[in-house]
Amino acid sequence: KVYRASTTAPVNIAVVKYWGKRDAKLNLPTNSSLSVTLSQDDLRTLTTAACSATFDGDSLTLNGEASDISGARTQACFRELRARRTAVEAANPALPKLSTLPLKIVSENNFPTAAGLASSAAGFAALVRAIANLYELPESPADLSLIARQGSGSACRSLFGGYVAWRMGSQDDGLDSKAELVAEASHWPQMRALILVVNAAKKDVPSTSGMQQTVATSGLFQQRITQVVPANMTLMEEAVRDKDFAKFAEVTMRDSNSFHACCADTYPPIFYMNDASRAAIRAVEAINAQAGKTVAAYTYDAGPNSVIYFLEEDTATVVGAFHEVLGALGGWKDGAAALKSNAKI
Ligand code: DP6
């Protein structure tokens, strides 16, 4: 007999960035963060979890290719989920002992890996929720976020849709370091994202090691985690609550700049943005100046691709402007540069 359950999880892009761990094993962050989740029609991971005595050990397939599951992060997720299923089985002896069966996980993204999006977030969130569904666990999304966090920090924010905060917490055991819904997507349904993909995606410093180097060597980073981020979290939650796009945009752009300044202050320095990224920043400034108000906001993760947030009413202004200037900006994939020109939130 094969037991099976499927689920999807959305991609999230942080507008107040997670960068830095205070505990690398439990994936506990040095600061809280806040993200906007992209609509699952546009970008998501679809995962099926199955278990059966007929399977030959645990396995994970990602986009059709066998994936290594021996890593500590994947193992931590499997272990935590099995422990919770074991507790359920102990309380209900009539239930099948699924916790003892090998797991087969099959995962697929509906966006190209070449997009350079942090797919680990949607990936681990979908993995955790699929197994939780298979095991019929009673845990809430916030409870499951504690497990997804151990797979990849940013994954804990992909267990909800809409606007999501990851509260850093203060406990050593990490039990208060979890995600929380700030607002449903329907609270601010006009929000859109334009994802610009740089042509030559060269290998960057992976975020896990990059942030460790920043924590160890950057002085600027201390100011970021003690002052900049706490202030940005407050301002961002106000901006979302009040649907104040100008405020949302300024905090988003400042926080991205602060994060990349800390990368540049890392020794040796880490550069995720390139000339094309910087040209897109100037283009956003030009679009806003031309419009006479803030209609677009850029943000960059651990790579050169841009995510541009804007409101639906400004689609023609923002997307139109980028279609016109992308060729001239250089380094951007022409025409099809916009992976999703108006991805819903
Ligand atoms: C720049 O979540 O990929 O995208 O916890 O080591 O897996 P690990 O790191 P990861 O880092 C994401 C960093 C970021 C900012 C963010 O998503 O908040």
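All ligand and atom numbering here is 1-based and tracks the order in the structure.
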| Arg82 and Asp58: CA distance, side-chain angles, deciding distance, salt bridge (charged side-chain N to carboxylate O under 4.0 Å, His left out) verdict | CA-CA 12 Å; Arg82 281 200 164 105; Asp58 294 342; 2.9 Å; yes
Number the atoms of ligand 1 from 1 as they appear, then name those within less than 4.0 Å of a heavy atom of [X], with their elements.
X	result
Asn27	5 (O)
Arg73	6 (O), 7 (O), 8 (P)
Lys21	5 (O), 6 (O), 8 (P)
Ala14	16 (C), 17 (O), 18 (O)
Ser154	2 (O), 3 (O), 10 (P), 17 (O)
Phe259	1 (C)
Ser207	3 (O), 9 (O), 10 (P), 11 (O)
Thr208	6 (O), 7 (O), 8 (P)

| message | On a heavy-atom basis, I'd like to know which of Met211, Gln212, His260 is closest to atom 11 (O) of ligand 1. | response |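 It is Met211 that holds the nearest heavy atom.
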| message | For Lys293 and Asn288: C-alpha separation, side-chain torsions, deciding distance, then whether side-chain hydrogen bond (donor to acceptor under 3.5 Å, both in side chains) applies. | response | CA-CA 6 Å; Lys293 62 174 181 158; Asn288 288 338; over 6 Å; no
Please check if the side chain of [X] supplies one atom and the backbone of [Y] the other of a donor-acceptor pair under 3.5 Å.
X	Y	value
Asn92	Leu95	no
His187	Val240	yes
Lys17	Ala14	yes
Asn257	Met253	yes

| said: Please confirm whether Trp166 approaches ligand 1 to less than 4.0 Å, judged on its heavy atoms. | reply: no
| Does Arg149 come within less than 4.0 angstrom of ligand 1, counting non-hydrogen atoms of the residue? | no
| Taking all atoms of both residues into account, what is the closest heavy-atom pair of Leu159 and Ala148, and its distance? |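 Looks like CD1-CB, 3.8 Å.
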| message | At under 4.0 Å between heavy atoms, is it the side chain or the backbone of Ile13 that contacts ligand 1, or both, or neither? | response | neither
| Should the heavy atoms of other residues, nucleotides or ligands under 6.0 Å from CZ of Arg241 be counted, would the total exceed 12? |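 Buried by this count: over 12 neighbours within 6.0 Å.
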| Aromatic ring proximity Tyr272/Tyr300, centre distance under 6.0 Å | no
| query | Is the shortest N/O to N/O distance between Ser152 and ligand 1 below 3.5 Å? | reply |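 Yes: some nitrogen or oxygen of Ser152 is under 3.5 Å from one in ligand 1.
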